[in-house]
Every structure is written in structure tokens, then in C-alpha cells.
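Working notes for the structure below.
When reading the values below, keep in mind they use all heavy atoms of this one structure, side chains included, and skip hydrogens, waters and symmetry mates. Since this is a predicted model, take the numbers as computed values, not measurements. Each chain gets a letter, A, B and so on, in the order the sequences are listed, and its residues count up from 1.
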Amino acid sequence: MEILTELFTDYTLRTVALGAALLGISAGALGCFALLRRQSLLGDAISHAALPGIALAFLLTGSKSSLVLILGAGAVGWFGSVLIAALTRRTPITYDTALGILLSVFFGVGLVMLTFIQRMPDANQAGLDSFLFGQAAALMQRDIYVILAIGSVILLLTVAFWKEFKLISFDPDMAETLGLPVRALEHLLTGLFVAAIVIGLQTVGVVLMSALIVAPAAAARQWTNRLGVMVLLAAVFGAVSGVSGAVSSSMAPNLPTGPVIVVVVSMIVAASLLFAPNRGFVFRKIREWKSGRALRVDAVLVDLYTLASQHASSDYPHSEQVLNVMSSMSGTAKRTLHLLKTLELAQPIDDQRWSLTPAGEERARKFIEEHYGGGV
Amino acid sequence: MSASIEIQIIAVLVAVACALPGVFLVLRQLAMMSDAISHAILPGIVIAFLLTEDLSSPLLILGAAAAGVATVALVELLRKTGLLKEDAAIGIVFPAFFSIGVILIARFASDVHLDVDAVLLGELAFAPFDRVVLASIDVPKATLVMASILMLNVVFVGLFFKELKLATFDSALAATLGFTPVLLHYVLMGLVSTTAVGAFDAVGSILVVALMVAPPAAAYVLTQRLASMLWMSAALGAISAVGGYWMARWLDASIAGSMASTAGLVFLLVLAFAPERGLVSRVRQQNRQRQVFARDMLLIHLYHHEGLPEAEQECRVEHLQDHLRWERDIAMMAVRTAKRAGYVQDHAGLMKLSDSGREQARHALVHI
């Protein structure tokens, strides 16, 4: 509770939380397209590749304003994404290898530049290090304005080109046939993707920003099959993890922001994988177990009915062993028979033999009519 | 031995040790696994350290290898549920592992020499200060560790070369023949983790990615044979390591960063100038093909009209642009190429086939 009141009263905390929420929203939304286009690891490569952009922007301008650094990161990150596309398309190099090379080499170049900056006489370089793991506590009001401005542009463009982005994500061939400028739209989407990454670098850090892109989208995917709902959910998940990570790390000393955000968002993913209706692991297991049970019940019921139909009365009892032999899952008849008893579809005559109840006979007859058209 | 030589020896050992498993990662399209593993081993190291309270304990390597294999297994598990694609699974699992490691360090181990920047970036320059004495020879500890890991990699690749080759190029056949490619996969990933943790200390996790991916990718452009690819990767890795060291000396910059940059530069040079699959040579091949094709079209055209009344008009250079719908440049290029080969003689703008040109036209008619 105390945290909540402080969230609304404490200036720094409010600034940090607002910034982290905006980041989470734009990263979550754009991440959905990346996830669907099988580009989950592109974010990792781009965020690492942006490091030399940050260093270069600082070296060239001497400014540490977040707008300048973000522009530098964005330019180099976008150049990196173009290089990856070119390497994959025009050389024997495969996509994963192109990502690996770009990520590590650009990051290496960035490191060289950072050591350069550290040796500069003008000791104004403090703070660039925070780009590695993120430092939400260092966010200023004007940083938030930058995030807010770029984030709004990202979201506006996403909404404006919603239909087109949806089409090139699911069926690029059809988009081509309809005469859409697919290549240009892909560049635009990648550009927005890069923008969503670079505005988060200062808060989350280059190393972990990719997780804030992939994880909310992956969690949202489990809850819905509709893109619109998925994007909204991902934005919410991104915002929640962004805020809780940023707030808890600015409250506790020694707790870097990026890793906390990632741990929170990973827990959301785990919960979604387990408990989402329809796709979630737990519900799927329950469904499998239920349908398995229904199959077994009907199978034994039909067996009993078939046996009984060869005798004068339809409740003619038969022994468990016979049913075991008939059942393809041999040995399970006993358990199923007891289940039939609780469902009042069959009853034991003595300790070996079972017969159908009228309700059981009715159900078996219906089942056979439905599935076999009257005769077994 | 001077510190400079010692650092270069360590760098070369790291580069070669990384290149060997890296070849298989690149061939199996698992390059990003090196990134995932080199980050995900962090909590393994930290937990092992918190248990032993000893940074030089071999348990740290075991912990790292276990965390690496756990990452691979978790990614595989997630992929198998069908809820996530493999790339998304990788992109979620390794940041989570890495974050747990970073938080553990920040909470419980921030006062010891296990700091996050060092893990990520490494500092090779300090490696010679940490020494051990082995059989009365005084060597840096990193040399010893990396030499052992390199030995392990060489022995593994040497012993299981055939199995690795089969499992890499045709894992279905390998499974049918009873070679258990899945087991081999996990052993390979364990090896990647072990190599990463050894290299980690010296050069940091990002350079591990650079050395595991860039030299094998360059070798992949150079050759299509597995054995050559292995030794070429090792050689290119070693070149990047030594080149990177001297670049760092020259610029007075981070050694790990310079080595990654050099590895990228070496890759770029190979990609541009490789003899067969390089970019320059591919452009030249395409140009050559275009020339030969245009030349043969010209020869066929001339052959077709040879000795006929319209030849006077058809076999003129300026007419080619009309008849074959060629741009002027292409027409001139075809004529030039044909003349140079001695297939065509120019009689004041009127072209005539030589004997060899006639022969080539007939040949082209059959083969195009």
C-alpha cells in the first residue's frame, strides 16, 4: 500500500513508473508482430547492435541528452537490421548466423568506442555504462518526454497501418498480390520495431531489452487467437512488468532495473503458458484427461451393450474379465466400471459381474446410433 | 614470458576452442544458441559460487555446464508443447536465466570479485596476474583452463567426427542407424557451455558469441567440406584473436571488443573476396555468364543469316539493337567479346563468322 501511495506522490517514482509503462506498452505491441513474423531474436541482435550507435552519437555531439543517444542507437540499429536482411538474402549465410555475427561484432565495436569515451579528458561520460543493464532510477522528466513522444508516434503509426501490418505478418504473398508495397511496409514495421527497442535501452539495458519485446507478446499469444486482443494484452503485460520492475529496483538499492523487469515478465509468461484457457498447459491436460475418460466410459458401455444384446434381456450381466479382453486398453475396465457405477450407468450384480442400468442402456443405444448408424 | 605474449596465447586458445563447437552451431543453424548459452550459464556460476564461496572452484564450470544444458532442455520442452516457436522460446529463456544471475550477484555477491560488467565484457588484460604453478612451470591460470577446454573439444570432435557429421547433415539417417543424435546434441551443447564458461572469464560472454559464430561463418563461405571448415575456422579465429589484440594495443581500447570487431572484419573480408562463394567473385561469375550468353546469341544470329540475301542488312552492329532488342551497351559488349575470342571479323560494320565462330554457334544452338 505504501508503495501505491508513493507511486502517486513521489516525483521520481512517478516519473520512473510512467516511463517504464510507456516502454512496456510500445515494446509489447510491436513485439506481437515480431513474434508472428518469427523474428523474436531480431530484437536481441538490434538492441546489442545499437550500442555503437549510442557511443557514436555521444562521440559526435558530446551530448548525453536521451534524444540524441536514442537517435544514434536507432540509426545504427536500423542499419543493423538492413545488414541482416542483406546477408540472409544475398549470401550463403543463414538468418541465425547473420543475427549472431551482427550482435557480437557491433557490440564489440560499441565496447571499443566506450573504452575510447572513458579515456576522454572531459569526464562527462558517466551514465553511458547504464545502457548495459539499464538504470531506471536515472530517468529524468525530459527522458520521459522523449519516450512519450516516440512511443506515441510508434503506436499511432501501428494503428494507422494496422490492416497492412496484419496482412504482411500473416500472408505476405497475398499482400503482394493485392498490390501493397510489401517491401516498404516491412521497412516501416522494422523501423517501428527498432524505435520501440531503442527507447527502452536506457531503462532496461541493451542486454535484456529483447526480453521486453518477446515475452509480453509470447504471453499474450496464449490467451487469444485475435491479433487485436493479443496486442492489447501484450501492451498491458509489458506495462505491468515495466512498472513493477522499475519501481522495485528504484526502491531497493543494488537491484538493477532490467533484470527485475525480465524476471517479472518471465513469470507472466510462465503463468500464461500454464493457466491460459484453451492453449494453457493445465487446461489442456484437464481436457485430455476428460476426453480420455469419456472415451473409456463409452467404450465399456458399448461393450456391455453389445454383449447384452446377444442375450434375451438387455441387463444381462457380464464379468469384468470379458470386458477387459474386449477393451483395447486392457486392464482398465475395472476403474471405468466403477466410474459407470457412480454415473449410474451400470451396476454390479455380484463381485464379478456387471449389468447395464436402463440409463446406461439408453446412452449406449444413442451412442451406437450416432457413431455406427444403428448396428455395431 | 612477457604478459603480451601470454595474453595472445590465451586469446588464441580461446578463439580455437570456440571455433570448433561453433562450426557445428553454424551448420545446424543454432548460432543464436551460443548467445543464449553464454548468457544463461551465469546463474549456474553464481549458484556454484554461493555454495562453494570459492571463485576458482572447478564446481563453477560444472554449474555453468549444467545451466547451459538446462537452458537447451527448457527451450526444447517449450518448443515441444507447441505453445511457442523455438526462437521465441530461446528469446524468453536466456534473458530470464541471465537476469536471475545478475540479481543473485547484486543481492548476495556484490562485495566479491564477481561483477556483472566483467562477466559480460571480460578483461583479458588482467589474465596474466592470476597464476598457477604446474610441474614447476609458472603459467597464468587462464592458459591452463583454456588449454584443457581446447583439448577436450579437440578430443571430442576427433573421436566423434563421423557421428557429428552424420547427425549434422542428416539427423534422420543418424537416428535410423542408431547414433542417437539427441544425445550427441546435448553433449555438444554441454561442450558449448563448458567452452563458454572458460572463455567467459577471459573475454566475456559477447566475445564468446563473436568467436563461436564469425570465424565458422567465414569458413563456411570458403569451403564446403567439414574437415576444412573446422581447421579454417580455427585459423581465422586465431587470426582474429591476435589481430584484435594488436588493434586493442594500437587503439588502447578493450581487448574483447577489439577481438570481436576484428572477427567481424575478417568475416567481411572473406565474404567479399572468397574465391568461389565470395561477393566479388559471384558478381564476376554473373558478368562472365552474361557476356558468354550475349556472345553466343550474336553468333547464332549471324549463323542464322549467313550467306542469305538479307545478311547484308541483318549482320550489322547497329541492326542488333532492333532485331535482338538489345540495349546498345549489351550489343557492343557481345560484339567485343565475340571479336576478342576470334569468332567474328568486322568488315566495315558488317560482321562475318570465322570458322571457329561457326563451330561455336552450332555448339551453342545445341547446348543453350
### Query
What option among B:D252, B:V208, B:L25 has the most heavy-atom pairs under 4.5 Å with chain A?
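Of the options given, most contacts go to B:D252.
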### Message
Looking only at heavy atoms and a cut-off of under 4.5 Å, which of B:T262, B:L265, B:V221, B:I103 has the most pairs with chain A?
### Response
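So the answer, after comparing B:T262, B:L265, B:V221, B:I103, is B:I103.
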### Query
Does anything in residues 30-39 of chain A get under 4.5 Å of chain B by heavy atoms, and if so which residues?
A:L35, A:R38, A:Q39
### Message
Using only non-hydrogen atoms and a strict under-4.5 angstrom cutoff, which residues of residues 81-92 of chain A touch chain B?
### Response
A:L87, A:R90, A:T91, A:P92
### Task
Taking heavy atoms only and a threshold strictly under 4.5 Å, list by residue number the residues of residues 75-85 of chain B that touch chain A; give 'none' if the list is empty.
B:L78, B:T81, B:G82, B:L83, B:L84, B:K85
### Message
So if I take each residue of residues 26-37 of chain B and look for any heavy atom under 4.5 Å from a heavy atom in chain A, which residues do I end up with?
### Response
B:V26, B:Q29, B:L30, B:A31, B:M32, B:D35
### Task
Kindly assign one of parallel, tilted or perpendicular to the pair B:H39 and B:F94, based on the angle between their ring planes and the thresholds 30° and 60°.
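Ring orientation, 0 to 90° scale: tilted.
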Counting only heavy atoms closer than 4.5 Å, note whether [X] contacts chain B via side chain, backbone, both or neither.
X      : result
A:V260 : both
A:S266 : side chain
A:T115 : side chain
A:V269 : side chain
A:L208 : side chain

### Query
Is it the backbone or the side chain of B:L251 that comes under 4.5 Å from a heavy atom of chain A, or both, or neither?
both
Which value, rounded to the nearest 0.5 Å, describes the distance between [X] atom [atom1] and [Y] atom [atom2]?
X      : Y      : atom1 : atom2 : answer
B:L50  : B:R107 : CG    : CZ    : 13.0 Å
A:S272 : A:Q222 : OG    : CD    : 6.5 Å
A:W223 : A:M230 : CH2   : CE    : 14.0 Å

### Summary
Here the pair of heavy atoms bringing B:P215 nearest to B:A210 is CD-O, 3.3 Å
### Query
Which one, A:G43, A:A98, A:G108, leads in non-hydrogen pairs under 4.5 Å with chain B?
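Ranked by contacts with chain B, first place is A:G108.
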#### Entry: Donor-acceptor pair between A:T94 and A:T97 side chains, under 3.5 angstrom
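Indeed, the side chains of A:T94 and A:T97 share at least one donor-acceptor pair under 3.5 Å.
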